Number of protein chains: 2
Amino acid sequence: MNLPLTEARNTCGSADSQVVATKLAALSHPARIEILKHLSASRSCCCREVVDHLDLAQSTVSQHLKILVDAGLVRYEPDRQRSRYQVDREALAGLSASLTTLVNSCCSGC
Amino acid sequence: MNLPLTEARNTCGSADSQVVATKLAALSHPARIEILKHLSASRSCCCREVVDHLDLAQSTVSQHLKILVDAGLVRYEPDRQRSRYQVDREALAGLSASLTTLVNSCCSGC
DNA sequence: ATCGTCTATCGTCGATAAACGATGAATCTC
DNA sequence: GAGATTCATCGTTTATCGACGATAGACGAT
């Protein structure tokens, strides 16, 4: 597990904080967490599948998916009239690593 | 107008997702990430210290701190007329673990 | 007792998020 | 071709966030 983060120690790195914050914001909604779980359970999902699973309007689910895609946590691939959404495991692992790094930097100071 | 839905559907996230989402939401703001870093650098901080460090209004910083405290990521202890804020490292590590678990569950499906 | 400092909270305002229905494009199915 | 299905997007409404100034409470110092 190599961490690609080189400036994790920078206490003044507001740019870094901004990037991490944006990705965490994408995960800071229960519906989107559920979507992520569901996506990972199936190999790939179309929007309709998620709609059936979540009891939200189709437009709402589509927006949540878009937010996840924009954050780089989910990959999107149009497939005929369907859409195919897939968890970007590397990106998710990277975010997890970022948070771990933050936690470690918080715990190393004492 | 509260119709008790049957348990076939997931009403916008399980309780677990809600809890994790709330904590992630507390971290999904660059100012709060910076606050967390600053808190971990010092042993404990009063509000004024953070205000000097961050170039935000005192009331704004106080609100950010409250959000972090409400999320359970920071502990608060009134000390005379000052306040003492301190990173809850266990809670932070727990959140990191939750995210790691989510990532792992996403990666175990393939 | 009064002044200055440190806090938290209130009220406000603009911006953003979240949810929905409606619509149109693209694609199956018949 | 006609109708159904899937999907993203638009427009709208409501709720929440983020920031600030103002204010009041608590405390230390003078």
Side-chain angles (χ1 to χ4, degrees), chain A residues 14 17-18 20-36 38-39 42 44-71 73-86, chain B residues 1-3 5 9-14 17-36 38-39 42 44-71 73-86:
Chain A
S14 60
S17 296
Q18 176 69 61
V20 175
T22 299
K23 300 199 177 214
L24 288 178
L27 274 185
S28 67
H29 193 287
R32 291 197 286 271
I33 291 183
E34 288 299 315
I35 288 177
L36 218 59
H38 188 65
L39 287 187
S42 309
S44 71
C45 282
C46 61
C47 181
R48 184 69 165 74
E49 269 182 57
V50 182
V51 170
D52 289 341
H53 180 65
L54 269 194
D55 195 42
L56 283 175
Q58 178 267 328
S59 56
T60 304
V61 171
S62 186
Q63 270 197 334
H64 280 311
L65 283 168
K66 179 176 169 53
I67 289 173
L68 288 171
V69 170
D70 287 346
L73 300 178
V74 165
R75 268 174 298 180
Y76 165 69
E77 185 183 3
D79 179 19
R80 312 282 180 170
Q81 102 257 29
R82 292 193 184 170
S83 54
R84 197 177 289 190
Y85 290 97
Q86 204 172 355
Chain B
M1 198 170 176
N2 49 358
L3 302 175
L5 298 173
R9 291 274 182 90
N10 194 338
T11 63
C12 199
S14 62
S17 295
Q18 177 69 60
V19 171
V20 175
T22 299
K23 301 197 177 214
L24 288 179
L27 275 186
S28 67
H29 193 287
R32 291 196 286 269
I33 292 183
E34 288 298 315
I35 289 177
L36 217 59
H38 187 65
L39 287 187
S42 310
S44 71
C45 282
C46 62
C47 183
R48 185 71 166 75
E49 270 182 57
V50 183
V51 170
D52 289 341
H53 180 65
L54 269 194
D55 194 41
L56 282 175
Q58 180 268 328
S59 56
T60 304
V61 171
S62 186
Q63 269 196 337
H64 281 311
L65 283 168
K66 180 174 167 56
I67 289 173
L68 287 170
V69 169
D70 287 345
L73 300 178
V74 165
R75 268 173 298 181
Y76 165 68
E77 185 183 2
D79 177 19
R80 315 274 181 171
Q81 100 256 32
R82 291 192 185 171
S83 55
R84 197 177 290 190
Y85 290 98
Q86 203 171 356

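When reading the values below, keep in mind they use all heavy atoms of this one structure, side chains included, and skip hydrogens, waters and symmetry mates. In what follows, every chain begins at residue 1, and chains take the letters A, B, ... in the order their sequences are listed. All of these numbers come straight from a predicted model, not from anything done at the bench.
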Separation of dC6(C) P from Y85(B) OH (nearest whole Å) | 15 Å
Touch class at under 4.0 angstrom, heavy-atom based, for S83(A) against every strand present = sugar-phosphate
Does a side-chain heavy-atom distance below 4.5 Å link S83(B) with P78(B)?
-> no
What's the CZ-P distance between R48(A) and dC28(C), to the nearest Å?
-> 17 Å
Heavy-atom side-chain proximity of I35(A) to Y85(A) below 4.5 angstrom = no
Between P of dC6(C) and CG of L65(B), the distance in whole Å = 15 Å
To the nearest 0.5 angstrom, please state how far the SG atom of C46(A) sits from the CG atom of D79(A).
-> 9.5 Å
So does R82(A) get a side-chain nitrogen or oxygen closer than 4.0 Å to the phosphate oxygens (OP1/OP2) of dA26(C)?
-> no
Backbone N or O of H64(A) within a donor-acceptor pair of the R32(A) side chain at under 3.5 Å?
-> no
E77(B) CD to dT7(C) P, straight-line distance once rounded to whole Å | 14 Å
Round to a whole Å and report the spacing from CZ of R32(A) to C1' of dA17(C).
-> 9 Å
Does OP1 or OP2 of dA19(C) have a side-chain N or O of H64(A) closer than 4.0 Å?
-> yes
Any side-chain heavy atom of C45(A) within less than 4.5 Å of one from R84(A)?
-> no
Determine whether any donor atom in the side chain of Q58(B) lies under 3.5 Å from an acceptor atom in the base of dA8(C), or the reverse, and answer yes or no.
-> yes
Do L56(A) and V51(A) have side chains that get closer than 4.5 Å, going by heavy atoms?
-> no
Please state how far atom OH in Y76(B) lies from atom C1' in dC6(C), giving the value in whole angstrom units.
-> 11 Å
Taking the side chain of Q81(A) as its heavy atoms from C-beta onward, which of dT7(C), dC28(C), dA19(C) lies nearest to it?
-> dC28(C)
Mind calculating the distance between CG (D79(B)) and P (dA8(C)) to the nearest angstrom?
-> 12 Å
Give the first and the last nucleotide of DNA chain D, reading 5' to 3', that has any atom under 4.0 Å from a heavy atom of chain B.
-> dG18(D) to dG28(D)
Contact class for R84(A) vs. all strands (heavy atom < 4.0 Å): base, sugar-phosphate, or nothing?
-> nothing
Side chains of E34(B) and L54(B): closer than 4.5 Å at any heavy-atom pair?
-> yes
So, is S59(A) close to the dA22(C) phosphate, meaning a side-chain N or O under 4.0 Å from OP1 or OP2?
-> no
